[in-house]
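Single-structure report; data block below.
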Amino acid sequence: MYRKQQKSIIKHLDFLILDIIMLIISYTMATIIRDGWHSLRANAAFLSMLGVLILLQVMVALQGNNYNDILRRGYLVELKYVLIQNAIVLAAAFTFMFVTKSQPKYSRLVFGYLLIINTVLTYSAHLMWKRVVRRRMVNSKERTHLLVISEYAGLEACIGRLRSEWYKEYKITGAVVYDRPMKGRTINNIPVVADMDELFQYLKKEVVDEVFLNIDGNNQERLTITEDLLEMGITVHININMDLGQGQLPNPIVHNMSGCAVLTTSIKTATFYQMVMKRMMDIAGGIVGLILTAILFVIFAPIIYIQSPGPIFFAQERVGRNGRRFKMYKFRSMYPDAEKRKKELMDQNKMNGLMFKMDNDPRIIPIGRLMRKTSIDEFPQFWNVLKGDMSLVGTRPPTVDEYEQYENHHRVRLAIKPGLTGMWQISGRSDITDFEEVVALDNQYINDWNLRLDIKILFRTVKVVLQHKGSV
């Protein structure tokens with residue numbers, strides 16, 4: 001799933017908040033320098049002008065482009081933007097005082113100090129905060145992994161352009177040369193990770209969020225590659241000069257990517273606001289869920305240990321968004337040797353496909369049957385939700401051995417973060433025995449996704465759990 005580019009004021013709300021804080025500090029310091037500390041006591045004029053300045057700061061930010069490409073701007077360009085922003089705010093403040101005839105209440109010297117102090121503080125704060133944001137993005141495990149597919153003739157220049165900016169929301173993890181075998185070589189410090197005949201095997205094994213397609217071959221060949229990538233849930237950025245028949249591609253968006261005009265296509269697009277709201281729901285749900293998990297731990301931990309001595313929690317490596325690996329946690333509902341005994345029970349698997357389920361599983365401890373029937377064993381996953389490995393609603397994360405057996409179209413399940421619940425869970429999970437039906441439900445969820453659908457699934461999940469429908 002691809003997140004649309006947003007207006008800078010929404011995307012960089014942190015900088016607006018930072019500017020407001022600097023403005024408050026600057027105006028307070030300017031007033032103290034001019035009139036002393038006593039001037040702040042019960043000073044209605046000071047408070048009213050401070051409110052006006054904050055309002056003007058917000059209005060200027062909303063109307064202007066002060067935060068456009070702020071993370072990519074150099075030192076001198078940043079200083080220019082800060083000076084322009086402060087000058088506009090002060091000009092608007094003088095206009096306000098002229099219209100309201102309130103000039104006598106305020107000292108022009110205070111506003112002179114304000115311009116100097118706020119410029120220094122805001123400029124310094126911008127430089128420091130940009131370093132923090134850039135470092136956080138570079139080290140983030142959620143940073144977009146980009147694979148470049150290009151003809152040999154244009155590959156070095158393409159990679160150079162994509163890497164030319166100071167700040168990028170993606171990192172180039174590898175390249176594939178379209179028109180010749182070059183696996184194992186390095187071009188512009190980027191490894192060639194596969195040849196074209198190995199591309200889709202590579203995509204099933206490695207973390208790839210997006211592909212930059214830069215080839216000039218036959219239109220049908222390019223369209224076929226794009227469609228195959230979309231089937232796997234991978235976002236594709238296509239050279240804008242290529243006529244691929246945009247009407248045939250889902251959710252096409254034309255935009256600028258590191259100076260390259262590209263056509264981006266994805267099975268689903270989401271706005272920055274939608275993704276922020278989904279994450280806020282996850283954080284709130286994760287906190288509440290962990291409180292409930294602590295209560296359940298006090299009740300069930302002694303019973304689990306008495307019935308089956310060993311760890312209370314079960315941790316298993318799962319595969320998350322676009323192939324990222326993480327540890328998923330549950331209350332242990334099986335005997336410690338359950339994973340080893342799984343191979344002995346495979347002939348009793350009632351699932352048709354790449355999942356394992358069986359009736360009356362002998363590996364489950366006595367209390368485990370109640371825990372699984374009521375989904376109590378799933379509660380520790382709220383820690384995964386709070387960490388960001390999972391979401392409240394999504395697709396269920398496969399085990400590593402299941403993922404390694406995936407066919408290309410199965411990978412679409414990983415186009416979003418895995419979830420505690422989803423379409424499969426509310427559709428009677430024990431009644432579904434065909435893995436392809438699970439994939440179809442997950443694909444439907446991704447294509448139809450919106451915040452309202454997540455809320456609907458959460459409410460239906462509570463109903464299903466309370467009624468013990470589709471329990472394992």
Side-chain angles (χ1 to χ4, degrees), residues 5-136 167 271-273 276-277 280 283:
Q5 294 183 347
Q6 297 297 303
K7 292 182 178 180
S8 56
I9 187 61
I10 299 175
K11 185 177 180 180
H12 295 303
L13 188 62
D14 51 345
F15 281 93
L16 174 58
I17 294 173
L18 186 65
D19 287 352
I20 292 173
I21 293 172
M22 293 302 105
L23 180 63
I24 294 172
I25 294 173
S26 299
Y27 186 55
T28 303
M29 290 178 63
T31 303
I32 292 172
I33 292 172
R34 170 65 173 77
D35 299 319
W37 285 94
H38 66 278
S39 62
L40 301 180
R41 299 172 187 171
N43 191 332
F46 167 81
L47 293 176
S48 63
M49 179 51 67
L50 183 59
V52 169
L53 289 170
I54 293 172
L55 179 61
L56 291 174
Q57 179 79 60
V58 174
M59 291 175 63
V60 169
L62 289 173
Q63 296 298 322
N65 297 314
N66 298 332
Y67 303 119
N68 277 357
D69 293 325
I70 188 170
L71 294 171
R72 298 180 173 91
R73 297 199 300 236
Y75 296 109
L76 293 178
V77 175
E78 186 62 48
L79 179 59
K80 182 187 77 171
Y81 272 88
V82 170
L83 283 169
I84 292 173
Q85 176 176 289
N86 285 340
I88 293 174
V89 170
L90 286 183
F94 283 127
T95 302
F96 168 80
M97 288 187 290
F98 176 77
V99 171
T100 58
K101 302 185 186 314
S102 56
Q103 304 100 312
K105 296 181 182 179
Y106 304 103
S107 167
R108 284 175 291 182
L109 188 57
V110 169
F111 287 99
Y113 290 148
L114 173 61
L115 177 61
I116 297 171
I117 296 171
N118 198 38
T119 297
V120 173
L121 291 184
T122 302
Y123 180 64
S124 301
H126 279 198
L127 295 184
M128 289 188 291
W129 187 242
K130 285 199 290 186
R131 291 188 63 182
V132 171
V133 174
R134 287 169 179 163
R135 188 180 299 113
R136 187 173 60 192
Y167 165 80
T271 66
F272 178 79
Y273 169 79
V276 168
M277 290 303 297
M280 289 178 65
I283 292 173

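Hydrogens, waters and symmetry mates play no part in the numbers below; they use all other heavy atoms, side chains included. For the single chain, residues carry numbers from 1 onward in sequence order.
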Is it the case that T31 and D35 place a side-chain donor and acceptor less than 3.5 Å from each other?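 Result is no, nothing qualifies.
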Spatial distance of atom [atom1] ([X]) from atom [atom2] ([Y]) [nearest 0.5 Å]:
X	Y	atom1	atom2	result
T122	L127	OG1	CG	11.0 Å
I21	I17	CD1	CD1	7.0 Å
I24	D19	CD1	CG	11.0 Å
I117	L23	CD1	CG	11.5 Å
L18	L121	CG	CG	10.0 Å
M22	W129	CE	CH2	11.5 Å

What's the shortest heavy-atom distance between [X] and [Y], and which atoms?
X	Y	result
I88	V60	CG2-CG2, 3.7 Å
L56	V89	CD1-O, 3.9 Å
H126	E78	ND1-OE2, 2.7 Å
S26	L114	CB-CD1, 3.6 Å
Y123	L79	CE1-N, 3.5 Å

Is it true that the NZ or CZ of R34 lies under 6.0 Å from the centre of Y113's six-membered ring and within 45 degrees of the ring axis? no
Going through the checks in order, is the side chain to side chain contact (heavy atoms under 4.5 Å, CB included) test met by Y27 and N118? CA-CA 8 Å; Y27 186 55; N118 198 38; over 6 Å; no
N/O donor-acceptor pairs under 3.5 Å from side chains in residues 44-53, not counting sequence neighbours:
from, atom 1, to, atom 2, distance (Å)
S48, OG, A44, O, 3.2
S48, OG, A45, O, 3.0
S48, OG, Y106, OH, 3.1

Before giving the answer on side chain to side chain contact (heavy atoms under 4.5 Å, CB included), spell out for F111 and L115 the whole-Å C-alpha distance, their side-chain angles and the decisive distance to 0.1 Å. CA-CA 6 Å; F111 287 99; L115 177 61; over 6 Å; no
